[in-house]
> 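Here it is, the structure, as structure tokens.
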Amino acid sequence: EFPEQFSKNAFYILFVEQLSEMLQDEKSLIEAMSIWIQNTATPELKTLFENHLEETRYQVSRLNDIFKILQVPLPKVESGIDGQLNKSIE
């Protein structure tokens with residue numbers, strides 16, 4: 001549900017939908033990177049993935065904060081890795 005003052009604003013709805021997609025993507029990336037880190041043979045690449053994982057976790061935290069500021073409930077994020085990320089793990 002959207003706050004009353006924004007309920008009919010198509011741009012606001014689009015904005016929240018895009019934020020929801022970003023949150024889903026970032027959470028999927030966290031899941032994928034955790035697997036990549038475990039399966040990486042070179043220490044340099046592992047370090048790069050670990051650094052990027054921390055940045056991605058921070059992005060998820062920031063997106064969660066945005067939902068709180070907007071007073072919009074967090075979207076239900078499906079667990080599991082979707083499409084392209086799933087292919088990269090296989």
Side-chain angles (χ1 to χ4, degrees):
E1 289 295 313
F2 295 106
E4 180 75 26
Q5 69 270 27
F6 297 116
S7 62
K8 296 183 181 183
N9 186 327
F11 291 113
Y12 179 82
I13 292 169
L14 179 63
F15 175 66
V16 171
E17 287 174 354
Q18 292 298 306
L19 288 174
S20 296
E21 288 180 22
M22 288 171 60
L23 183 61
Q24 174 69 46
D25 292 346
E26 295 292 333
K27 287 188 173 187
S28 293
L29 190 55
I30 287 172
E31 189 174 337
M33 280 192 287
S34 298
I35 295 168
W36 297 339
I37 289 168
Q38 292 173 1
N39 295 324
T40 300
T42 62
E44 296 85 4
L45 188 55
K46 183 175 183 173
T47 299
L48 289 172
F49 282 144
E50 288 170 340
N51 291 340
H52 191 63
L53 179 60
E54 287 307 310
E55 291 175 19
T56 305
R57 286 182 175 145
Y58 179 66
Q59 286 298 96
V60 167
S61 173
R62 292 179 67 193
L63 286 166
N64 287 332
D65 290 344
I66 291 169
F67 279 98
K68 287 177 191 173
I69 290 168
L70 295 175
Q71 299 177 349
V72 174
L74 285 171
K76 293 181 181 177
V77 177
E78 299 174 15
S79 63
I81 301 168
D82 60 1
Q84 297 300 318
L85 291 176
N86 196 22
K87 289 179 187 176
S88 71
I89 292 171
E90 295 173 353

> Tell me, please, which residues at least two apart from Gln38 pass side-chain contact (heavy atoms from CB on, under 4.5 Å).
none
> Rounded to the nearest 0.5 Å, how far apart are CE of Met22 and CG of Asp25?
8.5 Å
> To the nearest 0.5 angstrom, please state how far the CE atom of Met33 sits from the CH2 atom of Trp36.
6.5 Å
> Got Leu70 and Tyr12 here, is their nearest side-chain heavy-atom distance under 4.5 Å?
yes
> Considering residues at least two apart in sequence or located in another chain, which fulfil the side-chain contact (heavy atoms from CB on, under 4.5 Å) criterion with Leu14?
Glu17, Gln18
> Determine, step by step, whether Val72 and Phe15 satisfy the side chain to side chain contact (heavy atoms under 4.5 Å, CB included) criterion, reporting the C-alpha distance in whole Å, the side-chain angles of both residues, the deciding distance to 0.1 Å, and the verdict.
CA-CA 12 Å; Val72 174; Phe15 175 66; over 6 Å; no
> Could you give me the CA-CA distance, side-chain angles and deciding distance for Ser28 and Gln24, then say whether side chain to side chain donor-acceptor pair (under 3.5 Å) is met?
CA-CA 6 Å; Ser28 293; Gln24 174 69 46; 3.3 Å; yes
> So, using side-chain contact (heavy atoms from CB on, under 4.5 Å) as the criterion, who are the partners of Thr42 when residues are at least two apart?
Thr40, Glu44, Leu45
> Between Phe67 and Pro73, what is the shortest heavy-atom contact and its length?
CD2-O, 3.9 Å
> Please, which pairs that meet side-chain hydrogen bond (donor to acceptor under 3.5 Å, both in side chains) have at least one residue in residues 49-60, sequence neighbours excluded?
Glu54-Arg57, Gln59-Arg62
> Rounded to the nearest 0.5 Å, what separates atom CD1 in Ile66 from atom CG in Leu19?
5.5 Å
> Just wondering, do Leu23 and Leu74 contact through their side chains at under 4.5 Å, heavy atoms?
yes
